[in-house]
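Index from 1, following the sequence. Excluded from the calculations below are hydrogen atoms, water molecules and symmetry mates; all remaining heavy atoms, backbone and side chain alike, are included. Whatever order the structure lists ligands and atoms in, that order sets their numbers, starting from 1.
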Amino acid sequence: METLPAVRLYGKRGSPQAYAIRDFLQRSDIPFEWIELRDDVQAHKELGLEGVDDARLPICVFPDGTRMERPTVRQVTEKLGWFRHPSRSEYDIAIYGAGPAGLSASVYAASEGLKTVLVERFAVGGQASTSPRIENYLGFPEGISGGELAERAREQAAKFGAEILIHRAGVRGEFAPFKGVVDLDDGTRLCSRVSVCTTGVEYRRLGLPGEDKFLGAGVYYGAGASEAQLCSNEHVVMVGAGNSSAQASLHLSRYARKVTIVMRGERLNDNVSEYLVDRVTHTPNIEILPKSKVVVLHGDDMLHAVTIRNCETGEEREIETSFLFLCLGGLPNTQWAKEVGIIRDEQGYLVTGPDLRKFAPTMDSWKLNREPYYLETSMPGVFAAGDVRHGSIKRVASAVGEGAMTIAFVHRYLASG
Ligand SMILES: Cc1cc2nc3c(=O)[nH]c(=O)nc-3n(C[C@H](O)[C@H](O)[C@H](O)COP(=O)(O)OP(=O)(O)OC[C@H]3O[C@@H](n4cnc5c(N)ncnc54)[C@H](O)[C@@H]3O)c2cc1C
């Protein structure tokens, strides 16, 4: 039996608002149909609008018939019943960031009887949910889409009773023994006996004029899983030489006429899985431009070309494209930790356990007569797991493993209180 799409989204090509909703639905594994309005006649006939420039676009139509005009992602979240308020005044454990590490920590914490809240700034699944296919995660020999993996983990965490607050970000915290108080960006305050930071990394940017303007209108951070099918017959440009760039390029090459990978180095990074290097180099419609960088973004409302410069020769070339994907890796966003004196490395990653002595040999601020647990930060009762942690491996499996491990240390910490 054919399953009907849950949500229909109508809009104009290059609309950043429509992209934000598509990205959220794709990452959340919610079936949807994107209907790109071609002309005023279609906009009038199908939606009763004046034309494709009608300010009411994009429009979401839900399976129950509800029509939302120009909704925000938060309004879509509310409509799906996913937006909720904390039910308790205090939790045993609050976890910030619902990527693989945070989801895993939530599953283990809630299943082991801890009153658990998980806070996520955007969509459940983190970086992993932007991946079209994760092929090296244990137990999925055919691979699994990041969105599906995230949705399964969300269900599992919810089944065990973890509360998940989507579309809220932790912005600052105060931590005392067995009491962490964290302010969220909407003014909500969360109290918990233990806090876990699993906020991963933020995408690096190109830093070019127009980058903000074109975001969602030709420039996309990450693998652009929601955009792949829209690239049919297009020439797309991917920037980056890591695993995520290689994986995304392969996925895009199934739809696009041509994929050009732009990288500063000579070849894909050494840590890129061998099977990926092999597939990328043997895919006929993938071209690699080594020792190169994007230097100009062209377009008006929407990106229509990029200039690429060869860093060795200085030679420049323009490629006409409406799809520039940036897989440039990331940096952690841990300003809140600096504000409360939690030890970070030079790039802002949170230092934990035995590594702390490398950064602060005397550990003057550590007043307990035990060493910090392996995943504990320099603040007792504040833990860090996954990509945000100094020295982490930057893989789904390691993030999931660290999330689970954290809970073992959380039990030890709580038992000492
Ligand atoms: C395109 C792509 C493909 C990849 N493919 C693979 C693969 O095939 N195999 C593999 O092993 N790894 C892969 N990776 C790497 C893997 O996805 C990451 O290592 C993993 O997701 C890290 O998990 P994490 O939970 O530590 O952090 P993240 O996945 O980065 O999740 C962090 C979460 O925290 C949220 N957040 C941030 N700040 C706040 C805040 N203040 N308050 C609340 N929430 C916040 C973010 O929105 C995000 O959802 C890929 C990465 C990318 C980008």
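- Atoms of ligand 1 found under 4.0 Å from any heavy atom of Gly386, numbered from 1 in the order shown, are 26 (O).
- Under 4.0 angstrom from ligand 1, the non-hydrogen atoms of Ala399 all belong to its side chain.
- No donor-acceptor distance shorter than 3.5 angstrom exists from the side chain of Arg193 to the backbone of Phe178, with no hydrogens or angles considered.
- Contact annotation: for Val396 versus ligand 1, heavy atoms closer than 4.0 Å belong to both the backbone and the side chain.
- Close contacts of ligand 1 with Gln247, meaning ligand atoms under 4.0 Å from a residue heavy atom, involve 3 (C), 4 (C), 5 (N), 6 (C), 7 (C), 8 (O).
- Protein heavy atom at the shortest distance from atom 39 (C) of ligand 1 is Thr199 CG2, 3.5 Å.
- Remark: minimum distance from atom 2 (C) of ligand 1 to any protein heavy atom is reached at Ser244 CB, 3.2 Å.
- Comparing His251, Gln127, Arg27 by heavy-atom distance to atom 28 (P) of ligand 1, the nearest is Gln127.
- Heavy atoms of Thr130 come nearer than 4.0 angstrom to ligand 1 in at least one pair.
- Contact atoms of ligand 1 toward Ala101: 25 (O), 26 (O) (distance under 4.0 Å to a heavy atom of the residue).
- Counting only residues at least two apart or on different chains, the side chain to side chain donor-acceptor pair (under 3.5 Å) pairs with a member in residues 228-242 are Arg13-Glu234, His235-Thr260.
- Ring pair Tyr19/Tyr220: centre-to-centre distance below 6.0 Å.
- For atom 22 (C) of ligand 1, the choice among Asp387, Val201, Val119 with the nearest heavy atom turns out to be Asp387.
- Counting heavy atoms only, Pro100 comes closest to atom 21 (O) of ligand 1 of the residues Pro100, Ser398, Cys197.
- Between His390 and Phe359, the ring planes are perpendicular. Angles over 60° get that label, and only those under 30° would be called parallel.
- Taking a cutoff of 4.0 Å between a charged side-chain nitrogen and a carboxylate oxygen, Glu376 and Arg370 qualify as a salt bridge.
- The closest side-chain donor-acceptor pair between His298 and Thr307 falls under 3.5 angstrom.
- Note on ring orientation: taking the six-membered ring where Trp is involved, the planes of Phe325 and Phe323 are parallel (angle under 30°, cut-offs 30° and 60°).
- When distances from atom 14 (N) of ligand 1 to the protein are checked, no heavy atom turns up under 4.0 Å.
- Residue contacts with ligand 1: Asn136 is included, with a non-hydrogen atom under 4.0 Å away.
- Between Phe24 and Phe122, the ring planes lie perpendicular to each other; the angle is over 60°, past the 30° to 60° tilted range.
- Contact annotation: for Val171 versus ligand 1, there are no heavy atoms closer than 4.0 Å.
- At a 4.0 Å cut-off, at least one heavy atom of Gly170 sits close enough to ligand 1 to count as contact.
- In terms of polar-atom proximity, Arg168 is not counted as a contact of ligand 1, lacking any N or O under 3.5 Å from an N or O of the ligand.
- In this pair, Tyr137 and Phe140 present their aromatic rings parallel. The plane angle is below 30°, not in the 30 to 60° band.
- Across the listed options Glu120, Glu202, Arg121, Glu120 owns the non-hydrogen atom lying nearest to atom 48 (C) of ligand 1.
- If you check the side chains of Glu315 and Asn310, you find no donor sitting under 3.5 Å from an acceptor.
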